[in-house]
Amino acid sequence: MKLTEIVAGIYQVEFLNTSVFLALDERVTVIDAGWRGCGHLLLKALERLGRRPEEIAYLVATHHHPDHVGAMAYLRQESGGQVAAHQAEAGVMAGLAEPPAPQVMQHGPLHSIYGWLAHGFTSLEAVAPVPVDLPLSDGSRLDVLDGMEVVHCPGHTPGSICLHFPNQGLLVVGDALQYHHGQLELPHPWYTVDMEQAKDSVRKLSALDYDTLAFSHFPPIRGNASAAVGRFAEGLG
């Protein structure tokens, strides 16, 4: 487990090829929750920062994939924090709806094989169902570090969101973008429901102002990150 302060008051906790973010204010906000079974590791990271589970106010999901919400039910039980997610993710997270199939399943038999593998990865069996206490929409704002703004970025999943902290100059992008070897990329096609929507979401993100861009599976971009996303968005055509 690796614990890094991304900007003042916001920490990235890396474990098992995914990340959770902790926003420390008067209360604690947890962004994503990692794999099922990893909740105790996150609480240990919180303890290292001198905070307690009962201080958690919000458990925010960027989207419903099991490497992002697998431990959310455990954390809700241990902390009493409110689970917050886009309203389009609520049915899947609560175990009341099947996750949507990735777009690759629509393009021939070989792609369908890969698509079914990815669909299996995102199945409900990998996640303990958890109710969404606080449904979010585009423009929702939580009182976290002087205002955390919800940016709806559909494409990777229908209810994917990014979290914008204007006063910290930070955008937590979840899986709406990838960052391989210093290059921005669209979300992984095996796990993305609608790639054209994902492109539109990147264009939307390019219009925001942030200095630091934090990813769930990659190191952050520090310094004029919104300009880098703008250049990438221009190249999408």
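Numbers here are sequence positions counted from 1. Heavy-atom basis, side chains included; hydrogens, waters and symmetry copies ignored.
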- Message: Quick test of your reading of the model: are E55 and R52 salt-bridged, counting only N-O distances below 4.0 Å?
- Response: yes
- If we only count heavy atoms from C-beta on, is the P66 to R36 side-chain gap below 4.5 Å? no
- Go through the steps for D143 and D25 under the test side chain to side chain contact (heavy atoms under 4.5 Å, CB included), then give the verdict. CA-CA 9 Å; D143 187 17; D25 205 347; 5.5 Å; no
- Message: So, taking the atom named CG in L213 and the one named CD1 in I221, what distance separates them when rounded to the nearest 0.5 Å?
- Response: 5.0 Å
- Are the side chain of T157 and the backbone N or O of S160 linked by a donor-acceptor pair below 3.5 Å? yes
- Query: Are any side-chain N or O atoms of E89 and backbone N or O atoms of H64, one a donor and one an acceptor, separated by less than 3.5 Å?
  - Reply: yes
- Message: Strictly distance-based, threshold 3.5 Å: is any side-chain N or O of S19 a donor or acceptor partner for the main-chain N or O of S216?
- Response: yes
- Same cluster for M72 and L46 if Ile/Leu/Val/Met/Phe/Trp/Tyr side chains link at under 4.5 Å? yes
- Query: Under a single-linkage definition using a 4.5 Å side-chain heavy-atom cutoff for Ile, Leu, Val, Met, Phe, Trp and Tyr, are F15 and L49 assigned to the same hydrophobic cluster?
  - Reply: yes
- Query: So, for V83 and V130, which heavy atoms are closest and what is the spacing to 0.1 Å?
  - Reply: CG2-CG2, 3.7 Å
- Note on the structure: Rounding to 0.5 Å, atoms CG (L134) and CD (Q87) come to a distance of 11.0 Å
- Message: For a 4.5 angstrom cut-off between non-hydrogen side-chain atoms, does S226 reach Y210?
- Response: yes
- Gap separating the OG atom of S79 from the OH atom of Y74, nearest 0.5 angstrom: 10.0 Å
- Is the H188 ring parallel, tilted or perpendicular to the Y191 ring (thresholds 30°, 60°)? tilted
- Message: Quick one, T18 and H217 - any side-chain contact, counting heavy atoms below 4.5 Å?
- Response: yes
- Is the closest side-chain heavy-atom distance between V13 and F21 below 4.5 Å? no
- Note on the structure: Output for pair (L170 CG, R222 CZ), nearest 0.5 Å, gives 9.5 Å
- Message: Could you check whether any side-chain heavy atom of D138 comes within less than 4.5 Å of a side-chain heavy atom of H86, counting everything from C-beta outward?
- Response: no
- How long is the span from the OG1 atom in T212 to the CG atom in L171, to the nearest 0.5 Å? 10.0 Å
- Message: Let me check something: do F218 and V229 share a hydrophobic cluster, defined by ILVMFWY side-chain heavy atoms less than 4.5 Å apart, either directly or through other members?
- Response: yes
- Honestly curious: do L208 and V173 fall in one hydrophobic cluster under the side-chain, below-4.5 Å linking rule? yes
- Message: Any non-hydrogen side-chain atom of R51 less than 4.5 Å from a side-chain atom of L24?
- Response: yes
- Can you name the closest pair of heavy atoms from Q12 and F215 and give their distance? NE2-O, 3.3 Å
- For the side chain of Q197 and the backbone of S201, is there at least one donor-acceptor N/O pair under 3.5 Å apart? no
- Task: Indicate yes or no: at least one non-hydrogen side-chain atom of D67 is less than 4.5 angstrom from one of L16.
- Result: no
If you look only at distance, which donor and acceptor atoms sit under 3.5 Å apart when one is on a side chain in residues 177-184 and the other is two or more places apart or in another chain?
from : atom 1 : to   : atom 2 : distance (Å)
Q178 : NE2    : L186 : O      : 2.8
H180 : ND1    : E185 : OE1    : 3.0

- Query: Are V30 and L163 grouped together when hydrophobic residues (ILVMFWY) are joined by side-chain heavy atoms under 4.5 angstrom apart?
  - Reply: no
- Item | From CA spacing to verdict: side chain to side chain contact (heavy atoms under 4.5 Å, CB included), I10, F165 | CA-CA 10 Å; I10 301 179; F165 294 83; 3.8 Å; yes
Give the table of side-chain donor-acceptor pairs shorter than 3.5 Å for residues 144-153, with sequence neighbours excluded, one pair per line with atom names and distance.
from : atom 1 : to   : atom 2 : distance (Å)
E149 : OE2    : R141 : NH1    : 3.1
H152 : NE2    : P158 : O      : 2.8

- Evaluate the side chain to side chain contact (heavy atoms under 4.5 Å, CB included) criterion for residues Q168 and D211: first the C-alpha distance (whole Å), next the side-chain angles of each, then the deciding distance (0.1 Å), finally the verdict. CA-CA 8 Å; Q168 284 70 34; D211 197 52; over 6 Å; no
- Query: Minimum heavy-atom separation for D194 to Q103, with atom names?
  - Reply: CA-OE1, 3.0 Å
- Query: Do D175 and H68 pass the side-chain hydrogen bond (donor to acceptor under 3.5 Å, both in side chains) test, and can you show the C-alpha distance, the side-chain angles, and the key distance before you say yes or no?
  - Reply: CA-CA 10 Å; D175 285 356; H68 293 260; 2.9 Å; yes
- Look at E234 together with R231 and state whether they make a salt bridge at an N to O cut-off of under 4.0 Å. no
- Spatial distance of atom CG (L43) from atom CZ (R48) [nearest 0.5 Å]: 13.5 Å
- Closest approach of A233 and V202, non-hydrogen atoms and distance? CB-CG1, 4.1 Å
- Query: Can you name the closest pair of heavy atoms from H63 and V69 and give their distance?
  - Reply: O-CG1, 3.3 Å
- Nearest heavy-atom contact between A176 and C162 is CB-SG, 3.9 Å
